[in-house]
Amino acid sequence: MLEDVTTVETDVLVIGSGAAGMYAAIEATRGGARVLLADRSLIGRGGATVMAQMTVAAALGEETPDDWHHHLNDTVAAGRGLCDETLAALLCHDGPDCIREMDAWGVGWARKDGHIAATMAPGHDRPRCVYVDFLNTGPAVSKTLRIAMARNQAIHKAGDLCIVDLVTTDGEVTGAVGWHVGSGAPVAIAAKATVLATGGLTRLFRRNSASANMGGDGYALTLRAGASLIDMEFVQFFPIGHLAPRLVGMDPIMWDPFRYKLGGRLLNGRMEEFTSRYGSDEDGKYVLARDLATYAIVKEVEAGRGSPHGGAYLSFEHCTAAALRAAFGPVIDRLAQNGIDLTKTPVEVAPIAHYHMGGVTADAGMATELPGLFAAGEVVGGANGANRLSGNAITEALVFGRRAGRSAAARAGQIGRQGLRLHDTRAALDLVRAGAPDRDRRNTADMIARLQAIMADQVGPLRTEAKLRRALADIAALSAELGERPFTRCLTSSASGGGKGGGAFDLERLDWFDLRNMLLVARVVAEAALLRAESRGAHQREDFATTLPQWRAHQRVRLAGGNPSISGAPVAEEATAS
Ligand SMILES: Cc1cc2nc3c(=O)[nH]c(=O)nc-3n(C[C@H](O)[C@H](O)[C@H](O)COP(=O)(O)OP(=O)(O)OC[C@H]3O[C@@H](n4cnc5c(N)ncnc54)[C@H](O)[C@@H]3O)c2cc1C
């Protein structure tokens with residue numbers, strides 16, 4: 001029975017409209033495909049891309065001689081031995097071309113003497129990071145792609161459409177099932193090729209730089225469809241997320257551009273520089289890679305030397321008011337509105353969940369293990385290994401998006417009409433149509449907050465076996481509390497005794513579907529972290545403090561009987577605790 005279901009047929013379905021999804025959509029139409037671009041939020045405004053403020057890494061070599069091989073060397077070094085070098089090479093090789101194409105589309109990269117300007121960022125061996133202006137790079141990228149799409153008649157857009165599951169037929173992905181959040185209506189989409197571009201998972205953690213749409217849907221969709229994920233234990237914590245004083249209307253990771261331009265001193269609660277204790281002397285400059293800076297701040301706080309709110313101080317007191325204004329003009333006024341005068345007081349900063357290195361297994365054509373399914377952007381695992389370089393994420397979204405769109409169009413061109421078999425959509429549609437009022441009066445918002453606390457406290461930057469086991473037990477308890485069927489606050493469902501799905505903007509129901517994915521993905525992150533008995537990049541185990549050569553291996557996760565099954569851990573040699 002599909003009478004109550006909105007059904008759509010397209011050549012290429014793109015799920016997610018960040019930089020990766022929008023570039024994929026544009027490129028797929030160049031390959032002759034008709035595209036449906038679906039997003040659970042407003043098109044082009046729902047994920048990380050529109051929030052990104054700083055820089056985009058690409059070896060343009062316009063100001064300083066550069067070559068993509070240098071960029072690759074830095075990417076691989078930052079990845080601590082775990083980069084998928086095919087994907088990393090694709091990112092670095094194709095990056096300049098995408099940056100120039102965005103330039104031609106009018107993104108407005110900042111220029112010096114007629115050349116696209118590039119700035120230095122930690123981990124890069126030379127100035128390589130382009131930008132639009134401070135705090136505005138991601139919005140400009142997003143707007144440029146939205147405008148490029150607006151002129152494109154072959155792209156149909158569907159906002160507020162939350163995809164709940166992929167549909168597979170005989171091991172191939174043939175489309176997806178979702179629901180329209182604005183009306184509650186079930187939707188089934190038949191597609192000859194599907195591109196997953198759903199972004200990352202940092203909403204799983206209490207302190208995060210994420211939007212509400214970044215709970216890791218794409219990873220859960222991939223697992224349930226039968227494909228694998230790699231490197232799920234590697235969550236990047238941005239070391240200097242804003243902590244205090246209260247800052248309204250500004251991004252928590254805004255201190256990065258300040259540090260690029262002005263250096264800035266990281267100080268502990270006793271006003272001492274401390275990074276040299278952890279192997280790097282910053283000396284007022286900005287040279288410490290993200291994983292090491294995160295480690296240094298967390299350790300300093302644990303040693304009782306943190307700032308009052310549990311982080312470190314970041315001081316620009318060495319800068320004059322004129323230097324600050326010259327570098328950041330209107331931002332200084334916005335800080336003043338928040339009562340912050342950087343010439344007089346330092347701010348407090350602390351690590352914040354920011355990016356995910358792991359994700360969907362994909363090849364150089366962005367094809368996943370399932371025919372018909374491609375992946376692009378942050379949802380893809382492997383390119384950045386165990387730690388990502390500044391600026392690589394937007395490049396990855398552009399490059400992988402373009403490649404995925406091309407591959408998806410090629411596949412769509414090769415196969416005939418793609419319909420959906422009723423049998424293959426049944427389970428997902430049953431779930432989307434289900435919904436009884438919650439007799440237990442569960443508070444889904446509180447459940448999400450509890451999950452975020454578990455992940456931050458037990459699966460955060462510094463991990464131990466005991467913490468990870470506790471996290472897994474707590475996640476299991478929350479999963480049992482959530483149950484197998486969505487509940488709703490809608491009176492219509494109540495009147496009919498349930499079974500009619502939700503109504504318009506039923507946010508409790510949206511929380512249920514979010515928790516379904518978040519709990520699965522949280523479990524996968526914690527299980528992979530528990531198995532990796534070493535410390536490497538963003539994964540730091542206090543009970544296994546060293547990096548071990550036998551662990552230079554990817555862990556691969558897939559579902560077996562509904563439970564995560566992880567392979568790839570070294571079996572030949574026993575890892576030893578230190
Ligand atoms: C605050 C912030 C600042 C950053 N700054 C930088 C920077 O300066 N430089 C840099 O290189 N990187 C930066 N990053 C990282 C970078 O922005 C991201 O990695 C990149 O933009 C990801 O692009 P994407 O297209 O893969 O995903 P996103 O832009 O996150 O888009 C994913 C989209 O998928 C949609 N979606 C998710 N689930 C579903 C579903 N079930 N159904 C339908 N739609 C769905 C979401 O609504 C969203 O619109 C920053 C990230 C953040 C959060």
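In listed order, ligands and their atoms are each counted from 1. Numbering of residues begins at 1 and proceeds along the displayed sequence.
Contacts with ligand 1 closer than 4.0 Å are made by heavy atoms of both the backbone and the side chain of D39. Within the 4.0 Å heavy-atom criterion, both parts of A393, backbone and side chain, lie near ligand 1. Residue contacts with ligand 1 for R45 are absent, since no atom lies close enough (heavy atoms, distance under 4.0 Å).
Listed by number with element, the atoms of ligand 1 under 4.0 Å from a non-hydrogen atom of N213 are 37 (C), 46 (C), 47 (O). Of all atoms in ligand 1, listed by their number and element, those nearer than 4.0 Å to a heavy atom of Q53 are 5 (N), 8 (O). Residue-ligand proximity, Y355 to ligand 1, at heavy-atom distances under 4.0 Å covers atoms 19 (O). Within ligand 1, the atoms closer than 4.0 Å to a non-hydrogen atom of I15 are 42 (N), 43 (C), numbered from 1 in the order shown. Residue G377 has at least one heavy-atom neighbour below 4.0 Å for each of these atoms of ligand 1: 26 (O). Which parts of ligand 1 touch G46 is read off a 4.0 Å heavy-atom cut-off, strictly below it: atoms 47 (O), 48 (C), 49 (O). Near A20, meaning under 4.0 Å from one of its heavy atoms, ligand 1 places the atoms 25 (O), 26 (O). Each of the following atoms of ligand 1 lies closer than 4.0 Å to a heavy atom of L161: 42 (N), 43 (C).
By the 4.0 Å heavy-atom criterion, E396 is excluded from the residues contacting ligand 1. In this structure, G138 has no heavy atom closer than 4.0 Å to ligand 1. Taking 4.0 Å as the cut-off, I253 counts as a neighbour of ligand 1 on heavy-atom distance.
In this structure, a donor-acceptor pair under 3.5 Å is present between the side chains of R40 and N213. T49 and S142 form no side-chain donor-acceptor contact under 3.5 Å, judged by distance and modelled atom types alone. In this model, no donor atom of one side chain and acceptor atom of the other lie less than 3.5 Å apart for T137 and Q53. Counting only N and O atoms by type, the side chains of T202 and H354 include no donor and acceptor under 3.5 Å apart. No hydrogens or angles considered: nothing links the side chains of D424 and T168 as a donor-acceptor pair under 3.5 Å. Side-chain contact of D217 with T198: a donor-acceptor pair under 3.5 Å is absent, judged by distance alone.
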(request) Check the pair H124 / H71 against ring pair (Phe, Tyr, Trp, His ring centres under 6.0 Å), numbers first and verdict last. (result) CA-CA 7 Å; H124 292 276; H71 186 187; 5.7 Å; yes

(message) If you apply the rule ring pair (Phe, Tyr, Trp, His ring centres under 6.0 Å), what do you find for F316 with F258, and how did you get there?
(response) CA-CA 9 Å; F316 296 96; F258 275 75; 5.6 Å; yes

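Counting only distance, with no hydrogens or angles, the side chain of R523 and the backbone of P564 share no donor-acceptor pair below 3.5 Å. Of the possible polar contacts, none joining the R203 side chain to the A210 backbone as a donor-acceptor pair under 3.5 Å is found. Judged by distance alone, the side chain of N517 and the main-chain N or O of G216 form no donor-acceptor pair under 3.5 Å. No donor-acceptor distance shorter than 3.5 angstrom exists from the side chain of N384 to the backbone of N387, with no hydrogens or angles considered. For the pair T368 (side chain) and L373 (backbone), a donor-acceptor distance under 3.5 Å is present.
The protein heavy atom nearest to atom 34 (O) of ligand 1 is G16 CA, 3.2 Å. In this structure, atom 18 (C) of ligand 1 lies nearest to the protein heavy atom E378 OE1, 3.3 Å. Annotation: atom 7 (C) of ligand 1 to nearest protein heavy atom, T55 O, 3.6 Å. Among all non-hydrogen protein atoms, the one lying nearest atom 11 (O) of ligand 1 is I394 N, 2.9 Å. For atom 13 (C) of ligand 1, the closest non-hydrogen atom of the protein is A52 CB, 3.9 Å. When hydrogens are left out, the protein atom nearest atom 20 (C) of ligand 1 is T49 OG1, 3.9 Å; that is the closest non-hydrogen contact. Distance from atom 39 (C) of ligand 1 to its nearest protein heavy atom, with residue and atom name: R40 CD, 3.4 Å. Closest to atom 27 (O) of ligand 1, if we only count protein heavy atoms, is G199 CA, 3.4 Å.
At least one test fails for R433 against the ring of W179: distance under 6.0 Å to the centre or angle within 45° of the axis.
At under 3.5 Å, a nitrogen or oxygen of M54, whether backbone or side chain, sits near a nitrogen or oxygen of ligand 1. Taking only nitrogen or oxygen atoms, main chain and side chain alike, A48 reaches within less than 3.5 Å of ligand 1. Polar contact check, V379 against ligand 1: no nitrogen or oxygen pair lies under 3.5 Å apart.
Closest heavy-atom approach to atom 32 (C) of ligand 1 among the candidates C162, S211, A210, A197: A197.
Using a 4.5 Å cut-off on side-chain heavy atoms (C-beta onward), Y23 and M102 make contact.
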